[in-house]
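First up is the structure itself, then whatever we jot down about it.
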Amino acid sequence: MRQVPGSLARYAGFAGWGVAGLSALVVGLELARQAAGLWGVVAASAVLPLTLAAAPWYALVVWKTWLPLALVYGGGTLATALVLASNPTS
């Protein structure tokens, strides 16, 4: 039988992955829109995995703001830690 606190942490981790993923999508497409307009969004959508990985780093280097990087990568890392901590090994 599963322990309730472990299950809650696991579900919180899955929700964290969803929030981090959606925030990465919003940040990436908004940065593409501000940098290159509509065609930037179209191009960013065509190479979406690259956009999701590179956009927070672009914001850090060009705009000197670390918040998108912390939101996307920090949120994903925290969610992964929650899921792994709630999954006991046999």
In short, side chain to side chain donor-acceptor pair (under 3.5 Å) pairs touching residues 12-27 with sequence neighbours left out are W17-T80
Please list, one pair per line, the donor and acceptor atoms closer than 3.5 Å that link side chains of residues 27-40 to other protein atoms, with sequence neighbours excluded.
| unit_1 | atom_1 | unit_2 | atom_2 | d |
| --- | --- | --- | --- | --- |
| E30 | OE1 | R33 | NE | 3.2 |
| E30 | OE2 | R33 | NE | 3.4 |
| E30 | OE2 | R33 | NH2 | 2.5 |
| E30 | OE2 | Q34 | NE2 | 2.8 |

State, to 0.1 Å, how close S86 and A9 come at their nearest heavy-atom pair, and which atoms those are. CB-CB, 3.9 Å
Selection residues 64-76 - residue pairs positive for salt bridge (Lys or Arg N to Asp or Glu O under 4.0 Å), sequence neighbours left out: none
Enumerate the salt bridge (Lys or Arg N to Asp or Glu O under 4.0 Å) contacts for residues 71-87, please, sequence neighbours excluded, ordered by first and then second residue. none
Apart from W66 itself, members of its ILVMFWY cluster (side-chain separation under 4.5 Å) are W57, L60, L67, L69, V72, Y73
For a quick test of your reading: what N or O donor-acceptor pairs under 3.5 Å do the side chains of residues 44-54 make, sequence neighbours left out?
| unit_1 | atom_1 | unit_2 | atom_2 | d |
| --- | --- | --- | --- | --- |
| S45 | OG | V41 | O | 2.9 |
| T51 | OG1 | A44 | O | 2.9 |
| T51 | OG1 | V47 | O | 3.2 |

